[in-house]
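Please read the structure below before turning to the comments.
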Amino acid sequence: MSTSAQIGVTGLAVMGRNLARNFARNGYTVAVHNRTVARTNALMEEFGHEGEFVATETAKEFVAALERPRRLMIMVKAGEPTDTVIQEFAPLLEPGDMIIDGGNAHFADTRRRERALREQGIHFVGTGVSGGEEGALHGPSIMPGGSKESYESLGPMLEKISAKANDGAPCVTHVGPDGAGHFVKMVHNGIEYADMQLIGEAYQLLRDVAGYSPAQIADIFRTWNTGRLDSYLIEITAEVLSHVDAATGKPFVDIVEDRAEQKGTGRWTVQIALDLGVPVSGIAEAVFARSLSGHADLRAASRGLAGPKATQLGEAAAFADRVEQALYASKIVSYTQGFHEITAGSTEYDWNIDLGAVASIWRGGCIIRAAFLDRIRAAYDARPDLPSLLSDETFAQEIAAAQDDWREVLVAATRQGVPTPGFSAALAYYDALRAERLPAALTQGQRDFFGAHTYRRTDREGSFHTLWGGDRSEVEA
Ligand code: NBP
């Protein structure tokens, strides 16, 4: 048995297999292992010629095949299987060795695993990998956490297999310690949910309000993809919308059940945002929209509910331009919210995440890759302590220029009864941030009335309570 493999990959389903091939195609010797040996054999038969692989059947063989310090990458189903695999391999490793988990783990699990393995002297690198099957093979966006020391050894290899942005920069960076990489991957997926929801709303408005066909909307998206919305998701939206179902001759989008699925990372983004007190309303609406779409019985029972009277729309092309403005402005808000959550996580867990670097590594390989991320990177590079993306002058100017159309689109959507939870939440967030005064003052008054929760005054320091049941005088709490 050779002991020369620079990296080992265990878990050879779509992602693991393609990552192993990516390492091998880049000149690394890769040890491969899978619980069910048939997968290892299939990889060797189909792709063994692509590079230097060391096929192994047992955990001992796998570990023995790796050069020291060992780099062992786990690509199994996230959750319990990851713990099972760690328990199987950790006793075979030595201090200084490294376990890299490239699955979609919850960052809290990654923190727990990192802590436990650190006690044994093993580096645990929770790593976000985005780009799906194709990205894994041709270059994903990679978000590793773990120790700095582990990145020194692993980083150059990840840089080699990662996607490259337009300027040639590798789409990988050391995000931060312990669970930082998986946290950032989680928020990436939350933003992906929001992006997809906003695109969905734009599509529905163009179809139901402007009356365009799916093929025409595909052309509109193709045009948008040449401008500031240039992104992978806009590009594939045009592909999906122009696809015609071979069996029926109908637009593909009309023969697919309108019930969206989710695997959980979008939901985690919202759950964690609630814990951290970060308003990610756009991402939350995207998660809820998928959930609502899945409530088939509720939707069937509600179809008879009254809608608005039909109204006339002006020129469709002008409306489409407005929808582009609404989509772009709402997208800025989604990213603002997502980056806020990363900032909050970074502060809470002391990760010191470089937001410009995060925007940079999302520019290639991943599902939310977009020209727009170059500008987010520039905004954070120019001002790393930017309180919010909306505080960046360029984004603030763009959103200001878009807002009239954005509002008009929402008026049209409301009049025609087309649901736009993403666009609406984004605009509400924008308006709430700009507001001089919010009704939170009234909320505080109510809370003090029924629960003596106290309030702060605008004109003096301290906490106060009004004796609501008595003479309504104010006491300092
Ligand atoms: P899956 O998530 O479908 O997992 C299948 C792999 O897990 C197989 O190799 C399977 O082995 C192994 N496995 C399971 Br299930 N239980 C195991 C256990 N108890 N012990 C050992 N191995 C076990 O594979 P995937 O879609 O390639 O994804 C791999 C990871 O990458 C996941 O965490 C996923 O969330 C993440 N990810 C996926 C994508 C994507 O686009 N698919 C993108 C980014 C990240 P077997 O062959 O013996 O059943």
Side-chain angles (χ1 to χ4, degrees), residues 8-23 30-47 55-63 72-92 99-110 113 124-145 158 161-163 171-172 179 181-193 196 232-233 236 261-269 361-362 364-369:
V9 180
T10 182
L12 301 173
V14 279
M15 290 297 285
R17 181 178 66 172
N18 280 358
L19 274 175
R21 290 172 62 199
N22 190 347
F23 278 116
V30 189
V32 284
H33 173 269
N34 193 72
R35 177 180 62 176
T36 310
V37 179
R39 276 203 209 267
T40 314
N41 295 340
L43 165 64
M44 293 307 289
E45 269 165 40
E46 280 178 71
F47 307 109
T56 65
E57 289 193 10
T58 66
K60 270 194 177 160
E61 274 175 33
F62 181 53
V63 169
L72 188 161
M73 186 160 198
I74 302 177
M75 287 307 295
V76 302
K77 199 175 168 67
E80 252 180 60
T82 307
D83 282 317
T84 306
V85 172
I86 292 172
Q87 278 157 19
E88 187 180 3
F89 288 102
L92 306 175
I99 295 181
I100 305 131
D101 174 20
N104 267 338
H106 193 291
F107 80 96
D109 285 337
T110 302
R113 291 166 183 151
F124 185 72
V125 184
T127 302
V129 178
S130 177
E133 199 176 337
E134 282 294 298
L137 183 60
H138 300 293
S141 171
I142 313 179
M143 296 154 247
L158 297 182
I161 67 152
S162 73
C171 293
V172 56
H182 274 139
F183 187 94
V184 163
K185 171 67 177 12
M186 173 190 77
V187 177
H188 164 285
N189 285 23
I191 292 174
E192 176 186 313
Y193 273 54
M196 291 170 73
Y232 173 70
L233 280 171
I236 66 164
E261 294 178 5
Q262 49 183 312
K263 280 195 172 166
T265 39
R267 190 170 59 232
W268 291 347
T269 310
I361 66 169
W362 288 350
C366 66
I367 305 296
I368 63 170
R369 62 184 181 261

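Counting starts at 1 for both ligands and their atoms, following the listed order. Note that the structure is a prediction, hence the values are computed from the model and not measured.
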Quick check on contacts: which atoms of ligand 1 are under 4.0 angstrom from a heavy atom of [X]?
{"X": "Val85", "value": "20 (N), 21 (C)"}
{"X": "Gly132", "value": "41 (O)"}
{"X": "Ala78", "value": "33 (O)"}
{"X": "Gly11", "value": "9 (O)"}
{"X": "Arg39", "value": "8 (C), 9 (O), 46 (P), 47 (O)"}
{"X": "Leu12", "value": "9 (O)"}

Next item on the list: Establish whether atom 3 (O) of ligand 1 and some protein heavy atom are separated by less than 4.0 angstrom.
Entry: no
Heavy atoms only: give me the nearest [X]-[Y] pair and the separation to one decimal.
{"X": "Trp362", "Y": "Ser141", "answer": "CD1-OG, 3.9 Å"}
{"X": "Gly126", "Y": "Thr110", "answer": "CA-CG2, 3.7 Å"}
{"X": "Met15", "Y": "Glu133", "answer": "SD-N, 3.9 Å"}
{"X": "Ile86", "Y": "Ile74", "answer": "CG1-CD1, 3.7 Å"}
{"X": "Lys60", "Y": "Leu92", "answer": "N-CD1, 4.0 Å"}
{"X": "Ile368", "Y": "Leu233", "answer": "CG2-CD1, 4.5 Å"}

Check: Do Asn34 side-chain atoms and Thr40 backbone N/O form a donor-acceptor pair below 3.5 Å?
Finding: no
Residue and atom name of the nearest protein heavy atom (relative to [atom]), distance in Å to one decimal:
{"atom": "atom 34 (C) of ligand 1", "result": "Asn104 N, 4.0 Å"}
{"atom": "atom 44 (C) of ligand 1", "result": "Val129 O, 3.2 Å"}
{"atom": "atom 7 (O) of ligand 1", "result": "Lys77 N, 3.2 Å"}
{"atom": "atom 29 (C) of ligand 1", "result": "Met75 O, 3.4 Å"}
{"atom": "atom 5 (C) of ligand 1", "result": "Ala13 CB, 3.7 Å"}
{"atom": "atom 43 (C) of ligand 1", "result": "Met15 CE, 3.4 Å"}
{"atom": "atom 9 (O) of ligand 1", "result": "Asn34 OD1, 2.8 Å"}
{"atom": "atom 14 (C) of ligand 1", "result": "Arg35 NH2, 3.7 Å"}

Let me confirm one number: the [atom1]-[atom2] distance from [X] to [Y], rounded to the nearest 0.5 Å.
{"X": "Arg369", "Y": "Cys171", "atom1": "CZ", "atom2": "SG", "result": "9.5 Å"}
{"X": "Asn104", "Y": "Thr127", "atom1": "CG", "atom2": "OG1", "result": "11.5 Å"}
{"X": "Thr265", "Y": "Glu192", "atom1": "OG1", "atom2": "CD", "result": "7.0 Å"}

Note to self: Taking atom CZ as the centre, does Phe47 end up with more than 12 heavy-atom neighbours from other residues, nucleotides or ligands that are less than 6.0 angstrom away?
What the structure shows: yes
Next item on the list: Using the side chain to side chain contact (heavy atoms under 4.5 Å, CB included) rule, take Ile361 and Met143 through it: C-alpha gap first, then chi angles, then the decisive distance, then the call.
Entry: CA-CA 8 Å; Ile361 66 169; Met143 296 154 247; 3.6 Å; yes
If you measure every N/O of [X] against every N/O of ligand 1, is any gap under 3.5 Å?
{"X": "Ser130", "answer": "no"}
{"X": "Lys185", "answer": "no"}
{"X": "Val76", "answer": "yes"}

Notebook entry, point to check: Which one holds for Thr10 and ligand 1: side chain close, backbone close, both close, or neither close, with close meaning a heavy atom under 4.0 Å?
Noted result: neither
